[in-house]
Amino acid sequence: DVQLQASGGGLARVGGSLRLSCAASGGSLADYAIGWFRQAPGKEREAISCIASSDGTTYYADPVRGRFAISSDTAKNTVYLQMNNLKPEDTAVYYCAASWVVSTVGCSAVASMLRRATWGQGTLVTVSS
């Protein structure tokens, strides 16, 4: 089974940028849809972005659309989340997850990963002013 390793979190200023990475081993990310999720203190985990190589679909949640960009590098078996114009409300632990099922139906089903997916460990993003 594929295993995921998320990295790239850290401390950023308001308006700054960070790039998160989700590196896969034990399988090809091209066979999965990869979702990025975040969980802020006291809040539920939410889907913020997704990419599905099978049909080329991507997804962005409203709070991040236009500021975040998801991309994949098949040679490196890694999916990235470029986060620009960061806001304090972006502070959260960020997770990546993989789902073969979502890869077959497209990123419109990204929320289903909350119930069933392969998860990486989280990486903390803190945005301060």
- Query: Got Val14 and Pro88 here, is their nearest side-chain heavy-atom distance under 4.5 Å?
  - Reply: yes

- Task: Could you go through the side chain to side chain contact (heavy atoms under 4.5 Å, CB included) check for Leu29 and Ser72 one step at a time?
- Result: CA-CA 9 Å; Leu29 286 182; Ser72 64; over 6 Å; no

- Message: Can you confirm whether more than 12 heavy atoms, excluding those of Gln3, are under 6.0 Å from its CD atom?
- Response: no

- Which pairs count as side-chain hydrogen bond (donor to acceptor under 3.5 Å, both in side chains) when at least one residue sits in residues 97-110, sequence neighbours excluded? none

- Item | Nearest heavy-atom neighbours spanning Ala97 and Ala117 | CB-CB, 4.0 Å

- Query: Does the Thr126 side chain pair with the main chain of Leu11, one donor and one acceptor, at a distance under 3.5 Å?
  - Reply: no

- Query: Is a salt bridge present between Asp90 and Lys87, judged by a nitrogen-to-oxygen distance below 4.0 Å?
  - Reply: no

- Once you round to the nearest 0.5 Å, how far does OG of Ser17 lie from CZ of Arg67? 10.0 Å

- Query: In terms of hydrophobic clustering (I, L, V, M, F, W, Y; side-chain heavy atoms under 4.5 Å; direct or indirect links), are Ile48 and Ile70 co-clustered?
  - Reply: yes

- Heavy-atom pair of closest approach, residues Tyr60 and Ala69: OH-CA, 3.4 Å

- Query: Going hydrophobic residue to hydrophobic residue with side-chain gaps under 4.5 angstrom, can you get from Tyr80 over to Tyr32?
  - Reply: no

- Task: Please check if atom CD in Glu44 has more than 12 non-hydrogen atoms from other residues, nucleotides or ligands closer than 6.0 Å.
- Result: no

- Message: Side-chain heavy atoms nearer than 4.5 Å, only ILVMFWY residues, links allowed to pass through others: does that put Ile34 and Val64 together?
- Response: yes

- Message: With rounding to the nearest 0.5 angstrom, report the CG to SG distance, Leu4 to Cys22.
- Response: 4.5 Å

- Task: Tell me whether Trp119 is reachable from Val110 by hopping between hydrophobic residues (I, L, V, M, F, W, Y) whose side-chain heavy atoms are closer than 4.5 Å.
- Result: yes

- Query: Counting only N and O atoms by type, is there a donor-acceptor contact under 3.5 Å from the side chain of Gln121 to the main-chain atoms of Gln5?
  - Reply: no

- Task: Output the distance between atom CG (Leu81) and atom CG (Leu18), rounded to the nearest 0.5 Å.
- Result: 10.0 Å

- Which residue pairs pass the salt bridge (charged side-chain N to carboxylate O under 4.0 Å, His left out) test with at least one member in residues 4-32, sequence neighbours excluded? none

- Message: Would a single hydrophobic cluster contain both Val93 and Leu114, if residues Ile, Leu, Val, Met, Phe, Trp and Tyr are joined by side-chain heavy-atom contacts under 4.5 Å?
- Response: yes

- Task: State, yes or no, whether a side-chain contact exists between Val101 and Arg116 at a heavy-atom distance under 4.5 Å.
- Result: no

- Backbone N or O of Ala24 within a donor-acceptor pair of the Asn77 side chain at under 3.5 Å? yes

- Message: Return the OG1 to CZ distance between Thr123 and Arg38, rounded to the nearest 0.5 Å.
- Response: 14.0 Å

- Query: What about the rings of Trp36 and Phe68, do their centers lie closer together than 6.0 Å?
  - Reply: no

- Message: Main chain of Ala30, side chain of Ser28: is a donor-acceptor contact present, judged purely on distance under 3.5 Å?
- Response: yes

- Task: Compare every heavy atom of Leu86 with every heavy atom of Met83, then report the nearest pair and how far apart it is.
- Result: CB-CD2, 3.8 Å

- Spacing of Gln82 atom CD and Ser21 atom OG [to the nearest 0.5 Å]: 9.5 Å

- Task: Report the distance from atom SG of Cys96 to atom CE of Met113, rounding to the nearest 0.5 Å.
- Result: 10.0 Å

